[in-house]
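In what follows, a structure is listed as structure tokens, so that the remarks can point back to it.
Computed over heavy atoms, backbone and side chain alike; hydrogens, waters and symmetry mates excluded.
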Amino acid sequence: MSKAQTGELLEGWRIQSRTIHALMVRDLMMRYGRENIGFAWVILEPMILTCGVMVIWSAMGAHKEGIKVVELVLTGYMPLTLWRHLTNNFVNIYRSSTGLMFHRQVSLFDLLIARQSLEIIGTTTALLVIYTTILTFGLIHEVERLDMIFLGWFMMAWIASACGMLIAAITERYEVAERFIQPIQYLNIPISGAFFFVDWLPTWGQKIITYHPLVHCWEVFRKGYFGDEMVYHYDIPYFVSVAFILTFLGVRATARVRKHIRLN
């Protein structure tokens, strides 16, 4: 690659970065306004929900299968929050951003990346704040393997972003699809692995549930937190295959949906 081509590539990246940053700022202003605490709501929203669930579950029982309920909720609800933010918030994202389509430099992928980045940054910060706070009060122990924590979090961000792309494209093309997103999300929670370990299930249940790709995210994430204290069931190659297929379908669907977007 020549110096001229390298310079053009770097300039393209700079323009793209500025565009995505501007879209993130716009999204913040549209959702949380310029007054009050603004961006802090991106962090506080998942924090409030997670802490509320922790309090309720802890009041119901101190332990579950030898594990503190607060630890089960922390390792279950925070990845679930990341999943929900990266999927639910992409319903009709193009329809609500039609005014931006008139700008030549703004693409559908820019809108997706800006929203995804905002959700990932906010939820990750909420996780760090909640973990540090309850660790300080001695309610939980330190993570055993930070690398597995990062891997599980990345896996959830990847597959949720891929599904978010598909949801954005499908709800743009078929208005009725919006009605099915929330029911499917609620039905998915009990079988996603958010609030149970695969090892707690009977052998036949373990074989079935591991076909669900989200289960592998939670198993890896919890291995990072609990270490060798528990038995885990996950298959990285299987997860990567499913996530790659969903990403490919999401990219294809995004590329094809633009002609179906009504700008008026």
Side-chain angles (χ1 to χ4, degrees), residues 5 8-9 12-24 26-27 79-80 82-121 123 151-185 187-188 191-192 210-217 220 234-264:
Q5 291 175 324
E8 291 178 1
L9 181 62
W13 277 110
R14 283 193 289 268
I15 294 174
Q16 205 73 13
S17 298
R18 289 197 296 267
T19 300
I20 292 173
H21 177 264
L23 290 172
M24 291 175 64
R26 173 190 176 275
D27 204 4
L80 178 62
L82 180 63
W83 162 262
R84 295 181 66 181
H85 280 215
L86 285 171
T87 53
N88 286 352
N89 290 336
F90 286 80
V91 175
N92 295 330
I93 183 176
Y94 303 135
R95 202 170 305 162
S96 61
S97 305
T98 52
L100 297 172
M101 302 300 172
F102 291 100
H103 297 277
R104 182 173 58 87
Q105 293 180 342
V106 177
S107 68
L108 299 185
F109 290 103
D110 291 332
L111 294 173
L112 292 173
I113 293 172
R115 179 69 61 86
Q116 289 167 350
S117 299
L118 192 60
E119 300 297 350
I120 291 172
I121 291 171
T123 310
L151 178 58
W153 194 253
F154 169 77
M155 290 166 62
M156 181 61 77
W158 180 10
I159 197 166
S161 297
C163 290
M165 282 195 292
L166 283 170
I167 289 172
I170 292 172
T171 53
E172 181 62 37
R173 292 208 48 187
Y174 311 103
E175 293 186 13
V176 68
E178 179 183 354
R179 307 294 181 184
F180 294 93
I181 300 299
Q182 286 297 334
I184 292 174
Q185 291 279 38
L187 291 173
N188 175 61
I191 61 173
S192 65
T210 49
Y211 282 105
H212 195 323
L214 295 188
V215 168
H216 302 271
C217 303
V220 171
Y234 59 86
D235 186 340
I236 299 296
Y238 170 76
F239 171 85
V240 170
S241 300
V242 174
F244 181 81
I245 291 172
L246 290 174
T247 303
F248 174 77
L249 294 176
V251 171
R252 286 291 301 273
T254 302
R256 292 184 174 187
V257 78
R258 173 124 197 180
K259 61 184 178 182
H260 297 281
I261 297 175
R262 295 187 294 271
L263 299 180
N264 51 5

Can you tell me how far apart [atom1] ([X]) and [atom2] ([Y]) are? Round to the nearest 0.5 Å.
| X | Y | atom1 | atom2 | result |
| --- | --- | --- | --- | --- |
| Phe244 | Leu249 | CZ | CG | 10.0 Å |
| Glu175 | Glu172 | CD | CD | 8.5 Å |
| Gln116 | Leu111 | CD | CG | 10.5 Å |
| His85 | Arg115 | NE2 | CZ | 11.5 Å |
| Ile120 | Trp158 | CD1 | CH2 | 13.0 Å |
| Ile181 | Thr171 | CD1 | OG1 | 6.5 Å |

Of the non-hydrogen atoms in [X] and [Y], which two are nearest, and what is the gap between them?
| X | Y | value |
| --- | --- | --- |
| Met156 | Pro79 | CG-O, 3.6 Å |
| Glu178 | Val91 | CG-CG1, 3.6 Å |
| Ala169 | Val257 | O-CG2, 3.7 Å |
| His212 | Ser192 | NE2-CA, 4.1 Å |

Between His216 (side chain only) and Thr210 (backbone N and O only), is there a donor and an acceptor less than 3.5 Å apart? yes
Verdict with reasoning, Trp83 to Cys163, per side-chain contact (heavy atoms from CB on, under 4.5 Å): CA-CA 9 Å; Trp83 162 262; Cys163 290; 3.7 Å; yes
Side-chain polar contacts of residues 234-243 - donor-acceptor pairs under 3.5 angstrom, sequence neighbours left out - could you list them?
unit_1, atom_1, unit_2, atom_2, d
Tyr234, OH, Lys223, NZ, 3.0
Asp235, OD1, Tyr238, N, 3.3
Tyr238, OH, Tyr211, O, 2.5
Ser241, OG, Pro237, O, 2.9

Does the side chain of Leu86 come within less than 4.5 Å of Thr123's, by heavy atoms? no
Report yes if some heavy atom in the side chain of Leu246 is under 4.5 Å from a heavy atom in the side chain of Met165; otherwise report no. no
Apply side-chain contact (heavy atoms from CB on, under 4.5 Å) to the pair Asn89 and Leu118, showing each step before the final yes or no. CA-CA 11 Å; Asn89 290 336; Leu118 192 60; over 6 Å; no
Partner of Phe90 under side-chain contact (heavy atoms from CB on, under 4.5 Å), chosen from Ile93, Asn88, Thr87: Ile93
Leu82 and Glu119: side-chain contact (heavy atoms from CB on, under 4.5 Å), yes or no, with the steps? CA-CA 7 Å; Leu82 180 63; Glu119 300 297 350; 5.7 Å; no
Neighbour count above 12 (heavy atom, 6.0 Å) for Phe109 CZ: yes
